[in-house]
Amino acid sequence: MQQSITNLKDFISQRIKLSGWLYSKREKGKLIFLQFRDGTGIIQVVVFKDNVTQEIFDRCKKITRESSCVIEGKVREEKRAPEGVEIDLDSIEILHLNSEDFPIQIQDVVPEVNFLMEQRHLWLRSRKQVALLRVRSQLIYAIRTFFQKRNFVCVDSPILTPAACEGTTTLFKVDYFDDEAFLSQSGQLYIEAACMALGKVYCFGPTFRAEKSKTRKHLTEFWMIEPEISFITFDKLLDFIQDYIEEIVQTTYSNCVPELKILERDLSKLDQIKRPFPIISYKEAVEIIKKNGEQIQYGEDFGAPQEEALVKEFNKPVFVTRYPSNIKAFYMKPDPADNNLALCVDVIAPEGFGELIGGSQRIDDYDLLKQRILDHKLPLDSFKWYLDLRKYGSASHGGFGMGLERTLSWISGIKHVRECIPFPRLLYRIYP
RNA sequence: UCCUCGGUAGCUCAAUGGUAGAGCAGCGGGCUGUUAACCCGUUGGUUGGAGGUUCGAGCCCUCCCCGAGGAGCCA
């Protein structure tokens, strides 16, 4: 078995060797306490002068924060240690002694965000950031497993695209030889094509939005999961999304309890994230927003204050369905019961973490889709291939898109999405 | 793009228009149980930049730069 800090309890009374970095140090005369981290956790290493050679003791005295080293010692149960386990050091080899102080110190005051963001490459080593990236990894695993178990095929959509799927003002433009291209802001149109080939598909990749948004819910580069399912009805889609949310949250939660505790997440909030979820119509949502004292007219989209007024009614994600078609995307299928409404759903997270999911039944009629493209003044040429999907074996289908970082932000209780991605790209920030 | 707030030591912050300071970090010393250790000593400054007002500007004025929070838009 590989020895690491996470499984030290299996090595009690044994001599072990670990490679890692010095997290912090407390000197107390003939006794030195080293907080040592190896990427899997942090453990206290005890160095007593009379038990080691002078040379080893001197190395422990001079080692600085975040210097890399290899330690050897004996694992011992210790009630006074936070982890319940400690290492009595026999020897230490310093691999790289930092000649300059590590810029980020451990202190009670929280440094300014700008400072931490400039040091993002080093900030990643801190306890909370390590925990958060582990939760991110587990969330991705839970999502992929969810689809794999249900026989979905992962189909990657292109990142370089010839045209917008919804307008061009929020797209990043790049040179494409003698032409121009745009970074993808959604893989949806492409996986609609894939779902007509493979039945049940999803894509999971980076998405780019050149929106000049400057809020805790926005990144210019983020990761999105977009499943697309052929022959599905709208009600079945809502059912599917409920299964999806419950499973990815509960799986991530159960795999990440220690990390979520480090992040000080209120776990009782996550206990509640189980079916059934509240499903309300746009019309009902408007009533709730008005009741809670926020201004809104029927027919308007929700802004941030409206979203908040709605969400405080629920302690689970709320599904808002059937928005007026004219405030939604061109490809959404009209509700047969009321042509002015779209068969769409937005899933809004509790506790103010914002919109997690946007989904819909797609238009499967050729003529209607063509008309919508024209109505939205989109270039018909660019959508020829997309219209072809309604020309050859058209079928009812639907899907949704979910922002990974917003979902992680909600699950882990981290207020700002910039911490939920290793190297965030934001308006005015592309370093490091 | 708009609105609001901010920029002083490595970090967090003080400083009535009148000698730029503290805590932490660092460095030197002390301590056999520290948990954000403690005690003694100590290094450290182009006050974001450029102009201006003034006998005198970190502080007042103008412009610029950078950042934060939010709005619209969105996941």
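Letters A, B, ... are given to chains in the order of the sequence lines, protein chains preceding strands, and every chain is numbered from 1. A quick note: this is a predicted structure, and the numbers were derived from the prediction, not measured.
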For nucleotides 64-73 of chain B, tabulate all protein N/O to nucleotide N/O atom pairs closer than 3.5 Å, reporting atom names and distance.
residue : atom : partner  : partner atom : Å
B/G67   : OP1  : A/Tyr428 : O            : 3.0
B/A68   : OP2  : A/Lys214 : NZ           : 3.4
B/G69   : OP1  : A/Arg418 : NH1          : 3.0
B/G69   : OP1  : A/Arg418 : NH2          : 2.7
B/G69   : OP2  : A/Arg418 : NH1          : 3.4
B/G70   : N7   : A/Lys214 : O            : 3.1
B/A71   : N6   : A/Lys212 : O            : 3.2
B/G72   : O6   : A/Ser213 : OG           : 3.2
B/G72   : N1   : A/Lys212 : O            : 3.1
B/C73   : O2   : A/Ser213 : OG           : 2.9
B/C73   : N3   : A/His218 : NE2          : 3.2

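For the pair A/Phe204 CZ and B/A75 C1', the interatomic distance rounds to 13 Å; values are reported in whole Å. Separating the CD1 atom of A/Ile106 from the C1' atom of B/A36 is a distance of 8 Å, rounded to the nearest angstrom. If you measure from atom CZ of A/Arg26 to atom P of B/A25, you get 11 Å, rounded to the nearest angstrom. In this entry the distance linking NZ of A/Lys25 with P of B/A25 reads 13 Å, nearest Å. Put simply, CD on A/Gln185 is 8 Å from P on B/A75, counting in whole angstrom units. Put simply, CZ on A/Phe36 is 19 Å from C1' on B/U34, counting in whole angstrom units. One can place CD1 of A/Ile248 at 13 Å from C1' of B/A75, the figure rounded to the nearest angstrom.
In this structure, B/G17 forms no base pair with any nucleotide, since neither Watson-Crick nor G-U wobble geometry is met with both distances under 3.5 Å. The pairing partner recorded for B/A68 is B/U4, the criterion being a Watson-Crick or G-U wobble arrangement whose two distances lie under 3.5 angstrom. Pairing for B/G45 is absent, with no Watson-Crick or G-U wobble pair whose two atom distances lie under 3.5 Å. B/C11 is paired with B/G23 under the criterion used here, namely a Watson-Crick or G-U wobble arrangement in which both key atom distances are under 3.5 Å. Pairing of B/C38, defined by two Watson-Crick or G-U wobble distances under 3.5 Å, is identified with B/G30. Of the nucleotides present, B/G52 is the one that pairs with B/C60 by Watson-Crick or G-U wobble criteria, both distances under 3.5 Å.
Using a 4.0 Å cut-off between a side-chain N of Lys or Arg and a carboxylate O of Asp or Glu, A/Asp239 and A/Arg275 qualify as a salt bridge. Salt-bridge check for A/Asp346 with A/Lys328: passed, with a basic side-chain N closer than 4.0 Å to an acidic carboxylate O.
Residue ring and base: A/Phe33 does not count as stacked with B/G33 (centre distance below 5.5 Å and interplanar angle below 30° not both satisfied).
At the heavy-atom level, A/Leu219 lies under 4.0 Å from base atoms of the strands shown. Within 4.0 Å of A/Phe115, counting heavy atoms only, lie sugar-phosphate atoms of the nucleic acid but no base atom. Contacts of A/Arg76 with the nucleic acid, taken as non-hydrogen atoms under 4.0 Å apart, include base atoms. When heavy atoms are screened at a 4.0 angstrom cut-off, A/Met402 is found touching no nucleic acid atom at all. Residue A/Glu78 is classed as a base contact, given a heavy-atom separation below 4.0 Å to a base.
At the phosphate of B/C74, neither OP1 nor OP2 sits under 4.0 Å from any side-chain N or O atom of A/Arg209.
No option in A/Phe400, A/Tyr244, A/Phe147, A/Phe240 other than A/Phe147 meets the ring pair (Phe, Tyr, Trp, His ring centres under 6.0 Å) test with A/Tyr202. Each of A/Lys415, A/Arg265, A/Lys312 was checked for a salt bridge (charged side-chain N to carboxylate O under 4.0 Å, His left out) with A/Glu351, and the lone residue meeting it is A/Arg265.
Of the C1' atoms belonging to B/U16 and B/C31, the separation is 45 Å, rounded to the nearest Å. Rounded to whole Å, the P atom of B/C5 lies 29 Å from the corresponding atom of B/C74. When the C1' atom is used for both B/A15 and B/G49, the distance is 22 Å, rounded to whole Å. A gap of 15 Å separates the C1' atoms of B/A50 and B/C66, to the nearest Å.
Judged by the 6.0 Å and 45° rule, A/Arg59 forms no cation-pi pair with A/Phe57.
For A/Glu86 against B/G33, a side-chain N or O and a base N or O form a donor-acceptor pair under 3.5 Å.
Comparing atom distances between the A/Met224 side chain and each of B/G33, B/U12, B/A75 picks out B/A75 as nearest.
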